[in-house]
K.L.:
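Input: one structure, supplied below.
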Amino acid sequence: MIKFSEKQLRIPKLMRPVYLVTVGMSKFDRAFPETRTEELCVDALTAAADFVNMTPSELKQYIHTCYYGHFADHFGDQLLGEAVVHDRLGLDPLGNIGVKTGGATGGSTMWEAVKAVASGYSDCALALGWERMDEVPTDEGNHLISCAADKDWETPLGHIYTGYYAVMAQRYWKIFGKEEDSFRNTMAEIAVKNRGYARMNPHAHGPMKITVEDVIKSPIVAYPLRTLDCCLMSVGSACGIVCDEKTAYEITDKPLRIYIAAGSHTLRVADRRDMKIPLLPNEKPNQYDNLGKKFPGGDRYPGFTSFLAARISAYYAYHMSGVVDPTEDLDIVELHDAFTISDIQTYEDIGIRPYGEGRNYIESGDAYVVNPHTKKPGKLPSNPCGGLIGCMHAVGATGLMQIAEIGYHIWNRWDEIHESEEKWNSFGRKKPKDWTSLQVKGAKRGLAISHAGVGSHVTCTILMNPNNLIKED
Amino acid sequence: MPKVEEEKGFVEILNSRYKLRGLFHIIEANQPIYNKDTGKLAGVTNPRDVTYIHSYGGEAIFFESLSKGKLMASRCDNEKCESKGSIYEPFRIFCPDCLRKNTIVDITEKAQKTAKIHSFIITHRSGAFNILPKPIKFINVEFDEEVVTILMSVLVVGEPEIGKRIIPIFRIKSPTYTIMDLMFVVKGTTESELPEKFSF
Ligand SMILES: [Zn+2]
């Protein structure tokens, strides 16, 4: 049984308020055989400048330090790729640093940028991320990804990361899903929802109009996970710029307050030791005393069925921002749906539903922009951009894309980014005839989870309209 | 295509320095990448043949023991540590709590008597350099309560199921000195059913 000290559980404090002023992203795709990574990064920063009606040179005048998220530089045979991008963005002589935390790289990059502004070191910081996984043969790519596991204890076993990851899905499926067809359907609903939402997103790499049946009949990757349960592997770039209050209002009259926190857990799932469940503000002591009775085998925490890093990042971020119940206090979330089943695990880890009841978030219709049962707005829509399953997973950019998407909703500018016929055409994509706005109406607060691999790193970002803060500074 | 003997690289340690012998990379010319539709150059290939040299450090005893049919783990014996008595498999050189060096313990018998499947996955997918036959049956192995972690391995005889009792097997003949020298089979498997080069 491991324990955490009070000092370790201290609520993080930003020394001054930090604001997100603008965001941008490139097109996302499986491969860009005729585009350099730097070109995609320039696209993302240019989009961020456009978003606040500035030229890139005008916007760059404000930037003081730069944080670059790029996970897998062994794919590119290029160390210091950050320096390449920094130079091509024309940001010398500013201090810059690379951030690498697997799938959470995008979120971690923003974490660094926010702390730089909060501390007073910078008044304006750029967080920009990208990933490039299309420049090696697929099986070598699988090997390179498997290097994110332990190279002595895991990687030699098949050189396939899915193998190390999916054992967790199996355990959740058996214990909390009880191997029920109804649970299998709920998993499939997530894939249908997110791929369907991606159809409305010109940036998205994996839009599909599919049914639950299609998901359940798709080829098995590692039972119970099937092809359509799994996220994409993408190339692209995304960014966000954060400022102190004064600078924020010089750039835009509508900056958003940003809070962010990070958590971690063992690189090898093998090393997870048993512990008591750390509670979120909407949970009660003893709430989980019967968990093992209700779900035999579910009493080991986090075991293989939960992500401690996600829980701890939410614990810090909720207390920082005043969020008590995410379903009540937030209007929109972008979650790290690497797999349909891990998406359900995350609902529990971040307190959208209690442990053991994650599936209800989908089944109730709360997770939809329009609740399929009531035809009314869903209580807490998740992943209207399509998520990792439908939009993209360009590792270093993913967390920043999610933050950008939450921003678009709160700024009430989601349509502007996703509707323009011109953008669809410039990306060489056909806007669907039934294109529908997925703008969450009246969104004031949102959350994004950025998550690495088997759960080694997770960040929780919370954005709020400054007029709708929960907690006084 | 596997390299022939003359194309391989070997490493030894002499006077605390790595001594290399043999070939460590074979140069292969790069090739242009053309867009067939436009006829224009888009990029180039960059073939690389790299051999990493890696120290097991304090975990070497674990990998060497596999080749002798022994499963070694480590235990914190620090009287003042809250985790005293915890056994780690994967083997940890240091206790994660007190950071004192753990005691090396032989858990071969414990594994034979208590190992069971905590979770598993069967997959037909693999990455480059994989040499396991497919489908691969990944398993996570729990031991008795003293062992506080859950080892990842593969099941090579029998079908995986949560809670199923399993037995470790070791590649004693021509070992690879990697985690691939340890695999598991379901309890009741006979010696003749074991993969080539493996024994109980
Ligand atoms: Zn200790």
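This structure is a prediction, so every number in the text was calculated from the model and none was measured.
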K.L.:
Write down the atom of B/A42, the atom of A/P33, and the distance for their closest heavy-atom approach.
P.N.:
CB-O, 3.9 Å

K.L.:
Does A/R273 reach the side chain of B/D97, with side-chain heavy atoms less than 4.5 Å apart?
P.N.:
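Touching, per the 4.5 Å side-chain cut-off.
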
K.L.:
When you measure from the side chain of B/S119 to the backbone of A/Q170, do you find a donor-acceptor pair of N or O atoms at a distance under 3.5 Å?
P.N.:
no

K.L.:
Counting only heavy atoms from other residues, nucleotides and ligands, does the tally under 6.0 Å from CD of B/E109 exceed 12?
P.N.:
no

K.L.:
For the pair B/T123 (side chain) and A/V221 (backbone), establish whether a donor and an acceptor sit closer than 3.5 Å, ignoring hydrogens and angles.
P.N.:
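Checking the backbone N and O of A/V221 against the side chain of B/T123, a donor-acceptor pair under 3.5 Å is found.
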
K.L.:
Drop me the distance from B/I179's CD1 to A/E154's CD, to the nearest 0.5 angstrom.
P.N.:
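Result: 9.5 Å between the selected atoms.
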
K.L.:
Report which part of B/I136 has an atom under 4.5 Å of a heavy atom belonging to chain A: side chain, backbone, both, or neither.
P.N.:
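Looking at B/I136, just its side chain touches chain A.
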
K.L.:
Does anything in residues 152-161 of chain B reach chain A? List residues with heavy atoms under 4.5 Å apart, or say none.
P.N.:
B/M152, B/S153, B/V154

K.L.:
Drop me the distance from B/F129's CZ to A/H159's NE2, to the nearest 0.5 angstrom.
P.N.:
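Rounded to the nearest 0.5 Å, the CZ-NE2 separation comes out at 7.5 Å.
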
K.L.:
Measuring heavy-atom distances to chain A, does B/H54 have an atom under 4.5 Å in its side chain, in its backbone, in both, or in neither?
P.N.:
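Interface part for B/H54: side chain.
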
K.L.:
Could you walk me through whether A/K3 and B/E82 pass the salt bridge (Lys or Arg N to Asp or Glu O under 4.0 Å) check?
P.N.:
CA-CA 10 Å; A/K3 293 182 197 139; B/E82 273 191 37; 3.6 Å; yes

K.L.:
Hey, which of A/K151, A/R171, A/E140, A/H143 has the most heavy atom pairs under 4.5 Å with chain B?
P.N.:
A/R171

K.L.:
Ignoring hydrogens and angles, write down the donor-acceptor pairs under 3.5 Å from the side chains of residues 56-66 of chain B, residues two or more places apart or on other chains.
P.N.:
{"from": "B/Y56", "atom 1": "OH", "to": "B/Y177", "atom 2": "O", "distance (Å)": "2.8"}
{"from": "B/E59", "atom 1": "OE1", "to": "A/W153", "atom 2": "NE1", "distance (Å)": "2.8"}
{"from": "B/S65", "atom 1": "OG", "to": "B/I61", "atom 2": "O", "distance (Å)": "2.6"}

K.L.:
Counting heavy atoms not belonging to B/K164, are there more than 12 under 6.0 Å from its NZ?
P.N.:
yes

K.L.:
Counting only non-hydrogen atoms closer than 4.5 Å, does A/P156 touch chain B with its backbone (N, CA, C, O), its side chain (CB onward), both, or neither?
P.N.:
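For A/P156, the contact with chain B is made by backbone and side chain together.
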
K.L.:
When only pairs under 4.5 Å are counted, which of A/I175, A/T35, A/V167, A/D77 shares the most heavy-atom pairs with chain B?
P.N.:
A/V167

K.L.:
Using only non-hydrogen atoms and a strict under-4.5 angstrom cutoff, which residues of residues 44-53 of chain B touch chain A?
P.N.:
B/R48

K.L.:
Quick check: do A/D271 and B/R92 have side-chain heavy atoms less than 4.5 Å from each other?
P.N.:
yes

K.L.:
Does any non-hydrogen side-chain atom of A/N142 lie less than 4.5 Å from one of B/R125?
P.N.:
no

K.L.:
Side chain, backbone, both or neither: which part of A/R272 has a non-hydrogen atom closer than 4.5 Å to chain B?
P.N.:
backbone

K.L.:
Less than 4.5 Å to any heavy atom of chain A: does that hold for the side chain of B/F91, its backbone, both, or neither?
P.N.:
both

K.L.:
Does anything in residues 183-194 of chain B reach chain A? List residues with heavy atoms under 4.5 Å apart, or say none.
P.N.:
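Result: none.
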
K.L.:
May I ask you to check whether over 12 heavy atoms, not counting those of B/I27, lie within 6.0 Å of atom CD1?
P.N.:
no

K.L.:
What's the spacing between A/E34 CD and B/T38 OG1 if we round to 0.5 Å?
P.N.:
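One gets 5.5 Å once the value is rounded to the nearest 0.5 Å.
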
K.L.:
Is there a side-chain contact between B/F120 and A/K174, using heavy atoms and a 4.5 Å cut-off?
P.N.:
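Result yes, sub-4.5 Å side-chain heavy-atom pair found.
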
K.L.:
Does atom CD of B/E145 have more than 12 heavy-atom neighbours from other groups under 6.0 Å away?
P.N.:
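No.
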
K.L.:
What distance separates B/I121 CD1 from A/L225 CG, expressed to the nearest 0.5 Å?
P.N.:
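Between B/I121 CD1 and A/L225 CG, I get 6.0 Å after rounding to 0.5 Å.
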
K.L.:
Is it the case that over 12 heavy atoms from other parts of the model lie below 6.0 angstrom from the NE2 atom of A/H74?
P.N.:
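Atom NE2 in A/H74 is packed in, count exceeds 12.
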
K.L.:
Counting heavy atoms not belonging to A/D181, are there more than 12 under 6.0 Å from its CG?
P.N.:
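No - once you tally the heavy atoms of other residues, nucleotides and ligands closer than 6.0 Å, there are 12 at most.
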
K.L.:
Taking atom NZ as the centre, does B/K110 end up with more than 12 heavy-atom neighbours from other residues, nucleotides or ligands that are less than 6.0 angstrom away?
P.N.:
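More than 12 heavy atoms, drawn from other residues, nucleotides or ligands, come within 6.0 Å of this atom.
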
K.L.:
Side chain, backbone, both or neither: which part of A/R36 has a heavy atom under 4.5 Å from chain B?
P.N.:
neither

K.L.:
Is the count of non-hydrogen atoms from other residues, nucleotides or ligands lying under 6.0 Å from A/K217 atom NZ greater than 12?
P.N.:
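Incorrect, the count does not exceed 12.
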
K.L.:
Can you check side-chain contact (heavy atoms from CB on, under 4.5 Å) on A/L157 and B/M180, steps first, answer last?
P.N.:
CA-CA 7 Å; A/L157 304 171; B/M180 298 281 282; 3.8 Å; yes

K.L.:
State, yes or no, whether a side-chain contact exists between B/I150 and A/R300 at a heavy-atom distance under 4.5 Å.
P.N.:
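Yes, at least one pair of side-chain atoms sits under 4.5 Å.
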
K.L.:
Checking A/Y164 against chain B: side chain, backbone, both or neither under 4.5 Å from a heavy atom?
P.N.:
both

